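One structure is given below, encoded as structure tokens.
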Amino acid sequence: EAGVAQSPRYKIIEKRQSVAFWCNPISGHATLYWYQQILGQGPKLLIQFQNNGVVDDSQLPKDRFSAERLKGVDSTLKIQPAKLEDSAVYLCASSHGQGGSPNTFGSGTRLTVV
Amino acid sequence: GDSVTQMEGPVTLSEEAFLTINCTYTATGYPSLFWYVQYPGEGLQLLLKATKADDKGSNKGFEATYRKETTSFHLEKGSVQVSDSAVYFCALLKAAGNKLTFGGGTRVLVKP
């Protein structure tokens with residue numbers, strides 16, 4: 001089974017610029033997650049989708065972050081405008097969405113804001 | 001709210017030493033518990049899991065037992081290898097909402 005695909009692997013941008021990350025989950029996984037992992041910390045959930053609907057975006061800084069999953073498969077996460085503190089690894093994960101099913105993670109996108 | 005606390009690292013060991021990483025949690029209800037491992041430059045990989053009290057998860061020589069009475073899920077390995085050098089994350093998952101809550105991670109460095 002193919003894993004969770006993410007692109008790009010690395011991105012360097014200047015503050016106030018915009019950036020977008022892409023994720024393709026495991027085929028058939030209804031639930032998709034975006035996590036932010038700041039260096040030296042555990043991942044923090046930004047947003048959770050069930051099919052193409054948002055289940056939880058309580059930790060998403062909505063003034064600058066947005067995410068969509070239009071057809072219930074691929075997803076994009078956007079930051080506009082970026083701040084220095086957004087430097088982190090952005091991890092996408094997916095799961096069947098049934099109670100207790102673990103997340104399968106992609107390799108992540110490492111964002112550096114300078 | 002739910003939370004996971006792990007021992008801080010880095011933990012530095014010699015090859016073939018015994019490894020223990022402590023993990024305790026706070027949660028209502030009956031969460032599932034997980035250990036994920038993150039090798040340098042890679043995403044998180046599921047190492048092992050336990051879904052109910054007294055369950056023991058095991059994989060690649062690692063073990064952890066779900067202790068509800070002490071709200072703990074400590075990770076152990078009897079003889080570590082250099083290839084076990086990584087960051088280890090303890091996490092809990094509530095069936096309702098299917099969301100993971102992670103601890104801060106523990107970096108392990110195994111020296112030959």
Side-chain angles (χ1 to χ4, degrees), chain A residues 1-10 21 23-26 29-51 53-60 88-110 112, chain B residues 1-10 21 23-25 27 29-53 55 57 59 64 66 73 75 86-108:
Chain A
E1 146 180 284
V4 176
Q6 288 189 247
S7 66
R9 283 299 308 272
Y10 306 94
F21 313 127
C23 173
N24 181 241
I26 291 174
H29 278 191
T31 308
L32 185 147
Y33 314 78
W34 284 102
Y35 292 84
Q36 180 192 57
Q37 186 180 15
I38 292 172
L39 186 65
Q41 299 181 17
K44 181 185 81 171
L45 180 69
L46 292 176
I47 188 167
Q48 177 185 356
F49 292 93
Q50 180 75 14
N51 297 309
V54 175
V55 174
D56 184 350
D57 63 357
S58 57
Q59 303 250 59
L60 188 73
V89 176
Y90 291 85
L91 295 165
C92 180
S94 69
S95 75
H96 286 292
Q98 297 159 10
S101 58
N103 295 187
T104 301
F105 285 82
S107 297
T109 296
R110 181 177 298 277
T112 303
Chain B
D2 300 338
S3 67
V4 177
T5 303
Q6 291 179 235
M7 59 187 288
E8 289 193 19
I21 304 176
C23 170
T24 57
Y25 68 91
Y30 303 95
S32 296
L33 301 174
F34 302 85
W35 278 100
Y36 280 84
V37 58
Q38 188 173 36
Y39 299 102
E42 299 184 15
L44 279 74
Q45 300 176 25
L46 178 63
L47 181 59
L48 53 84
K49 68 176 183 179
T51 58
K52 61 183 187 297
D55 266 4
N59 187 26
Y66 190 143
F73 192 53
L75 182 68
V87 182
Y88 293 82
F89 291 93
C90 184
L92 68 83
L93 185 145
K94 302 279 281 290
N98 215 59
K99 293 182 292 186
L100 279 168
T101 299
F102 284 92
T106 302
R107 181 175 298 279
V108 173

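Reminder, nothing fancy here: chain letters follow the sequence lines and each chain counts from 1. On a predicted model such as this, the values are computed, not experimentally measured, just so you know.
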Open item on the list: Angle between ring planes, A:Y35 versus B:F102, binned at 30° and 60°: parallel, tilted or perpendicular?
Closed with: perpendicular
Task: Most chain A-contacting option - heavy-atom pairs closer than 4.5 Å, from B:G43, B:G9, B:C90 - done: B:G43
Open item on the list: Counting C-beta onward and ignoring hydrogens, is there a side-chain heavy-atom pair between B:Y36 and A:N103 closer than 4.5 Å?
Closed with: yes
- [ ] Check each atom of A:Q37 against the heavy atoms of chain B and say whether the ones under 4.5 Å are side chain, backbone, both or neither.
- [x] side chain
- [ ] Say whether B:E42 and A:S107, considering side chains only, have a donor N or O and an acceptor N or O under 3.5 Å apart.
- [x] no
TODO: State, yes or no, whether a side-chain contact exists between B:F73 and B:L48 at a heavy-atom distance under 4.5 Å.
DONE: yes
Task: Whether B:Y25 side chain and B:G103 backbone form a donor-acceptor pair below 3.5 Å - done: no
- [ ] Against chain A, label B:Q45 side chain, backbone, both or neither, depending on which of its atoms sit under 4.5 Å from a heavy atom there.
- [x] neither
Task: Contact origin within B:L100 toward chain A - heavy atom pairs under 4.5 Å - done: both
TODO: Select one option (side chain, backbone, both, neither) describing which atoms of A:R110 are under 4.5 Å from chain B's heavy atoms.
DONE: neither
